[in-house]
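Step one of this worksheet: look at the structure below.
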Amino acid sequence: MEVVLGIRAKDGVILATSKAFTRGISVLKATDDKTRILNDYNILGFTGEGGDTTQFADYIQANIQLSTMREGTELNSKAIASYVRYELAKSLRTRKPFQVNVMLAGLDKREEPFLSLIDYLGTRVDLPYAAHGYAAFYTMSLLDRHYTPDISVEDGLKLLDMCEKELVKRFPMEFKGLLVKVVDKKGIRVVKGNE
Amino acid sequence: MQAQNTLLNTEYSTDAQTEPIEHRFNPYQDNGGTILGIAGEDFAVLAGDTRQTVGYSIDSRYEPKVHDVGDNLLLSANGFSADGVQLVKVFQNQLKWYHFDNNKEMAVSSAARLIQHMLYRKRMFPYYVATILAGLDEEGKGAIYSFDPVGSYEREQCRAGGAAASLIMPFLDNQVNFKNQMDPESNGTKRRPLKYLSLEEVIQLVRDAFTSATERHIEVGDGLQILIVTKDGVRSEYFPLKKD
Amino acid sequence: MSQQDPSTINGGSAVAMVGKDCVAIASDLRLGQQSMGVSNDFEKIFHYGHVFLGLTGLGTDVLTVSENFRMKTNLYKMAEQREIEPESFANLVSTSLYEKRFGPWFVGPIVAGLNSISSKPFVCGFDYIGCIDYAKDFIVAGTASEQLFGMCESLYEPNLEPDDLFETISQALLNAVDRDALSGWGAVVYVITKDKVVKRYLKTRQD
């Protein structure tokens with residue numbers, strides 16, 4: 001019942017994740033960060049089976065950084081999405097697959113805003129806006145109605161606020177608010193939720 | 001093996017069942033077949049193939065399942081044929097009592113409502129059938145009513161039911177209701193206007209639908225029975241279909 | 001809910017037809033998670049040189065298998081110093097799928113193309129473990145395959161000109177996916193003739 005939301009604006013990408021770290025019926029932490037910074041212009045949001053999630057995200061993060069060190073050049077967003085999907089698809093047909101759903105947000109070649117939704121099966125779709133799990137049922141209608149391809153990050157954040165309000169109002173689980181990060185020309189920054 | 005070991009070594013011990021027997025009786029069967037109804041301006045047709053199957057076996061190549069039930073009404077219940085036959089019988093009986101009680105013909109809309117009640121009263125042990133009723137409405141226009149097994153119903157211009165319904169229905173959408181067809185002059189801005197089809201066009205559509213379904217569905221074939229209802233009464237036509 | 005059929009999680013359909021000195025291949029654009037639509041630009045038609053492949057089924061396997069064939073056809077091209085022909089590609093698909101006989105890719109592939117030497121139209125389909133279904137007329141695949149069979153069997157006629165083939169395959173696909181909740185959300189059609197390939201996106205119902 002975790003929330004991961006993403007909006008691709010014309011000048012950047014927004015990635016929002018719920019701050020609740022839950023185990024069973026208890027909320028163990030209200031300041032969880034379900035994202036990993038892969039490099040200067042790419043972040044990975046994730047949900048799924050506890051343990052699998054951080055293990056997988058750390059593995060991806062380390063390998064992306066390793067690749068940068070070895071090759072002396074950063075991987076672009078599409079390449080990262082390709083790699084993450086490959087790892088999940090490979091894992092799917094093993095004895096114990098990673099049960100992790102991810103969302104990749106970044107500036108492709110430090111230029112083009114990019115958002116990719118990848119589930120634990122390795123189903124990858126590049127989308128203008130996306131959500132994982134049950135949150136999608138509550139937020140997609142709002143995003144469908146108000147999103148335009150030329151939306152700015154500023155307006156995107158307003159749209160995200162509408163989504164969060166709807167989730168607080170209708171979503172039956174306490175998710176302790178959203179941690180919102182933005183990737184744009186200036187790099188990655190936290191805009192909300194790390195108070 | 002285990003069961004035998006626990007048995008006394010008598011002369012009957014080898015006859016004992018070693019595998020568990022299925023005790024549950026399945027009251028339903030799928031007899032295949034497909035039916036199709038189309039309404040025209042002043043007529044309606046109800047057609048069905050005449051093959052009856054159980055699994056891969058063909059039990060009959062000519063078992064008509066579209067019935068002229070009287071009062072210018074056509075009725076067919078496709079699926080589990082025993083239930084279909086029973087439904088039609090019960091309907092005809094009800095219709096007889098309707099005549100005694102009301103001394104008038106039953107309207108197609110009333111017949112439809114009656115069938116809903118007949119189906120719903122068996123909500124917990126349903127007639128396993130897709131039902132189509134055809135007739136002429138109070139204005140003399142063709143009417144097709146289609147039902148699910150528990151009586152949910154709707155009046156439509158056309159409907160396919162049974163084994164090959166999924167093959168025929170999109171074809172009907174396209175050729176009867178002109179779905180996805182555009183006026184070529186309008187550059188894709190205007191839909192092709194609806195119009196009533198003539199009886200000849202409808203019969204050709206029905207025959208095409210069934211020859212196509214016969215080609216790709218093993219439970220459809222042998223013969224095509226078409227019943228046509230007009231103000232002058234009910235007429236029947238038969239066309240052979242492939243027997244393979 | 002948890003017990004699910006891999007071939008109907010994401011939905012999607014494809015169809016290919018033979019015309020007079022031409023072939024056409026088309027697919028819908030939907031990708032869903034069960035009842036929820038996720039993407040409306042998930043194309044299921046891929047091409048390797050002049051050979052076209054339609055891949056329906058489990059989304060992740062559609063991506064994996066299409067990438068695998070990209071690799072294999074590139075290696076083929078380097079070894080043979082020419083593009084792969086449709087007939088050979090069909091055999092490549094078949095053997096590649098059967099390799100995974102006991103842990104299969106959950107895909108429903110169809111192949112379409114013109115042989116570059118003889119210009120002979122070629123279409124065929126497969127089951128998910130590689131059994132080839134050669135066809136003279138048309139091939140269907142995906143969650144709307146029953147509907148497509150009904151449409152194609154009734155609309156198709158042999159030796160259609162490219163424009164008429166386009167209309168036929170489009171109407172077949174459109175009306176079929178409209179009767180399938182898991183297919184639709186846009187469509188794409190390729191009409192392949194000897195000297196050109198025309199790709200068209202169709203305007204469709206959005207429900």
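Fair warning: this is a prediction, and the values are worked out from it, not measured in the lab. Chain naming here is simple, since letters A, B, ... match the order of the sequence lines and numbering starts at 1 in each.
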task = Run the salt-bridge test on Lys96(A) and Glu49(A) with the 4.0 Å N-O cut-off and return the result as yes or no.
result = no
Part of Ile118(A) lying under 4.5 Å from any heavy atom of chain C = neither
query = Under a 4.5 Å heavy-atom cut-off, does chain C meet the side chain of Leu88(A), its backbone, both or neither?
reply = neither
request  = Would you confirm whether the ring centroid of Tyr76(C) sits within less than 6.0 angstrom of the ring centroid of Phe89(C)?
outcome  = no
task = Please look at Arg93(A) and chain C and tell me whether the side chain, the backbone, both or neither of the residue comes under 4.5 angstrom of a heavy atom of that chain.
result = side chain
query = Checking Leu127(A) against chain C: side chain, backbone, both or neither under 4.5 Å from a heavy atom?
reply = side chain
message = Between Lys185(A) and Asp11(A), does any side-chain N to carboxylate O distance fall below 4.0 Å?
response = no
Structural part of Leu63(C) lying under 4.5 Å from a heavy atom of chain A = both
task = Look at Asp155(A) together with Lys158(A) and state whether they make a salt bridge at an N to O cut-off of under 4.0 Å.
result = yes
query = So, Glu67(C) and Arg70(C), do they make that salt bridge, N to O below 4.0 Å?
reply = no
key: chain A contact via Asn40(C) - side chain, backbone, both or neither, heavy atoms under 4.5 Å   = neither
query = Is the gap between the ring centers of Phe46(C) and Phe69(C) under 6.0 Å?
reply = no
query = Where on Tyr129(A) is there a heavy atom nearer than 4.5 Å to chain C: the side chain, the backbone, both, or neither?
reply = neither
